[in-house]
Amino acid sequence: MQPIRMGMIGGGEGAFIGAVHRHAAGLDGNYQLVCGAFSRNEENNTRTAAALNVSTSRTYDSWQSMLEEEAKLPEQQRMQVVVIVTPNHLHVPISLAAIKAGFHVFCEKPAGVSFAEVKELQDVIHASESLYGLAHTYLGYPMVWQARHLVESGKLGKIRKVYVEYPQGWLSGEEETHNKQAQWRTDPAISGATGAMGDIGTHAFGLVEFVLNDSVTSLCGELNTHVEGRRLDDDGAALIKTKKGASGVLIASQVCAGEENALKIRVYGDKGGLEWRQMEPNSVIYLPVDAPYQVFRAGQGQVGLCDAASARCRVPAGHPEGYLEAMANLYTDFAKAVRANQKGKADGVPGINSGIRGMVFIDAMLASTDSDTKWESVSQEGTQ
């Protein structure tokens, strides 16, 4: 099969997430980077294109010109998928323009900076022939699918409790004074109405709803800003309740000094529990109530893995797979959908409904923080 022709907006020299997307997209040989508008800085844009062997004729000085010029090319030459790795405030404008121009979109999360604009995007996607994928990378891990399988198969019984935490420490100091990533992520005009909760809290929220195959219906939350002068939250927590009757706690913080990227989820039912940690992603700990705990391990051919987890393993047991492979699983599933001429959502890939859920969660956290009654609805039609 011919590789899918991919263009990238953002991700220029010095950008972290753009390189991650390029590595992940290339891992299984499904994509070829054919064009890009990598940076508004002309020199950065040119250097990035040269380093990636992108032709100067298909290196564009703006995302608008990239979409316009690529649409003019013959069908067998123009890009098929637009990858968006810009700061948050551009996610919806670029996605809307790309979909209206007939391209598929794979976008870094969050989907946008407000519910209203993401709802507009959802309506456009539903009326189009395009696919839309959202890079909730952690949902690409094989053992996250195994955790979901343990819940769905009834191994844990009726789910009672969920704890999810995502502590980081990289914003413990005044990083925005010298770190470009910190500057835009703490700027409400670019990042949106929340900081840490929008950046990593949405990952924790999405992980809960995916593993439980359930919807959070209400929360009692609080956002905090610990670094003096910072314009957005750098810490927060919420009590949560789900549609199927579970209760839980969600924590997200970027001022936990010394922490790296310690996303973790624990789920408990009346028959047992489980635990998965992002920094040890190849294991799921299963805690049956009437037997010693068990550890499910990632790897091709591993006994006890569900089909969905096995399908996302590339190497035999004992050969670690991690973050890049998790995102690569999303890209591979997206490629399958492109080749199958699917529209809307690719199987196995978070889509616009996940983006909507993230916006509903953020709005509920903001409302609860400002409320005296605290409990806020997280319900939204057409999700899950």
Side-chain angles (χ1 to χ4, degrees), residues 1-13 15 17-26 28-108 111-112 120-121 124-135 330-332 334-346 349 351-352:
M1 292 183 292
Q2 292 295 315
I4 293 166
R5 297 178 299 279
M6 180 181 89
M8 178 168 282
I9 298 174
E13 183 181 86
I17 203 64
V20 170
H21 277 261
R22 291 191 293 267
H23 293 319
D28 294 324
N30 288 309
Y31 297 86
Q32 179 185 4
L33 183 65
V34 298
C35 63
F38 304 106
S39 174
R40 289 174 296 180
N41 180 286
E42 182 179 357
E43 293 182 355
N44 185 316
N45 196 31
T46 301
R47 287 196 305 269
T48 302
L52 298 172
N53 295 313
V54 173
S55 168
T56 55
S57 66
R58 296 180 75 176
T59 303
Y60 302 98
D61 60 4
S62 71
W63 63 265
Q64 293 93 335
S65 62
M66 175 173 149
L67 296 179
E68 181 180 351
E69 295 302 318
E70 285 294 313
K72 294 177 182 178
L73 295 174
E75 185 178 351
Q76 298 304 313
Q77 184 180 351
R78 72 172 75 112
M79 69 176 174
Q80 297 164 272
V81 175
V82 182
V83 176
I84 302 170
V85 287
T86 65
N88 302 350
H89 69 304
L90 293 175
H91 289 183
V92 166
I94 298 173
S95 295
L96 283 172
I99 290 165
K100 290 177 180 178
F103 299 111
H104 302 299
V105 170
F106 193 91
C107 186
E108 180 54 35
E120 178 188 0
L121 176 59
V124 171
I125 291 169
H126 287 170
S128 78
E129 298 295 317
S130 295
L131 283 162
Y132 177 88
L134 194 61
L330 301 185
Y331 268 101
T332 295
F334 199 76
K336 292 175 183 176
V338 171
R339 290 176 173 140
N341 293 315
Q342 293 179 18
K343 65 177 183 178
K345 182 184 183 300
V349 182
I352 190 60

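Because the structure is predicted, anything quoted here is derived from the model rather than measured.
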### Query
What are the two closest heavy atoms between Met66 and Ala37, and how far apart are they?
SD-N, 3.5 Å

### Message
Ignoring hydrogens, what is the shortest heavy-atom contact between Ala346 and Ala337? Give both atom names and the distance.
### Response
CB-CB, 3.4 Å

### Query
Counting distance only, does the side-chain N/O of Tyr31 pair as donor-acceptor with the main-chain N or O of Ala335 below 3.5 Å?
yes

## Note on the structure
Looking only at heavy atoms, the pair that brings Leu67 and Phe103 closest together is O-CE1, 3.9 Å

### Task
State, with a plain yes or no, whether a side-chain heavy atom of Tyr331 is found less than 4.5 Å away from one of Asp28.
no

### Task
Give a yes or no answer on whether the side chain of Arg22 reaches the backbone of Gly11 with a donor-acceptor pair at less than 3.5 Å.
yes

### Task
Please name all residues satisfying salt bridge (charged side-chain N to carboxylate O under 4.0 Å, His left out) with Asp61, sequence neighbours left out, ordered by chain then number.
none

### Task
Mark yes or no for whether Asn45, through its side chain, and Gly12, through its backbone, hold a donor-acceptor pair below 3.5 Å.
no

### Backbone of Glu13 reached by a side-chain donor or acceptor of Asn44 within 3.5 Å
yes

Scan the side chains in residues 88-101 for donor-acceptor partners under 3.5 Å anywhere in the protein, sequence neighbours excluded, and list what turns up.
from  : atom 1 : to     : atom 2 : distance (Å)
Asn88 : ND2    : Ser191 : O      : 3.0
His91 : ND1    : Glu108 : O      : 3.1
His91 : ND1    : Pro110 : O      : 2.6
His91 : NE2    : Thr86  : O      : 2.8
Ser95 : OG     : His91  : O      : 2.7

### Query
Got a second to check how far Met8's CE is from Phe106's CZ, nearest 0.5 Å?
10.0 Å

### Task
Measure the CD1-CE distance between Ile4 and Met79 for me, rounded to the nearest 0.5 Å.
13.5 Å

### Message
So does Gln80 get a backbone contact from the side chain of His104, meaning a donor-acceptor N/O pair under 3.5 Å?
### Response
no

### Task
Please round to the nearest 0.5 Å and tell me the distance separating atom CD of Glu42 and atom OG1 of Thr59.
11.0 Å

### Query
Roughly how far, to the nearest 0.5 Å, is the CG atom of Asn30 from the CD atom of Gln2?
12.0 Å

### Message
So for atom CZ, which belongs to Arg339, do other residues, nucleotides or ligands contribute more than 12 heavy atoms lying within a distance under 6.0 Å?
### Response
yes

### Message
Return the OG1 to CG distance between Thr46 and Asn41, rounded to the nearest 0.5 Å.
### Response
8.5 Å

Identify all side-chain donor-acceptor contacts of residues 71-78 below 3.5 Å with residues at least two apart in sequence or on another chain.
from  : atom 1 : to    : atom 2 : distance (Å)
Lys72 : NZ     : Glu69 : OE2    : 3.3
Arg78 : NE     : Leu73 : O      : 3.1
Arg78 : NH2    : Leu73 : O      : 2.9

### Query
What is the minimum heavy-atom distance between Cys35 and Val54, and which atoms define it?
CA-CG1, 3.8 Å

### Query
Would you say Tyr132 and Leu121 make side-chain contact, with heavy atoms under 4.5 Å?
yes

### Query
Once you round to the nearest 0.5 Å, how far does CG of Leu131 lie from NZ of Lys343?
10.5 Å

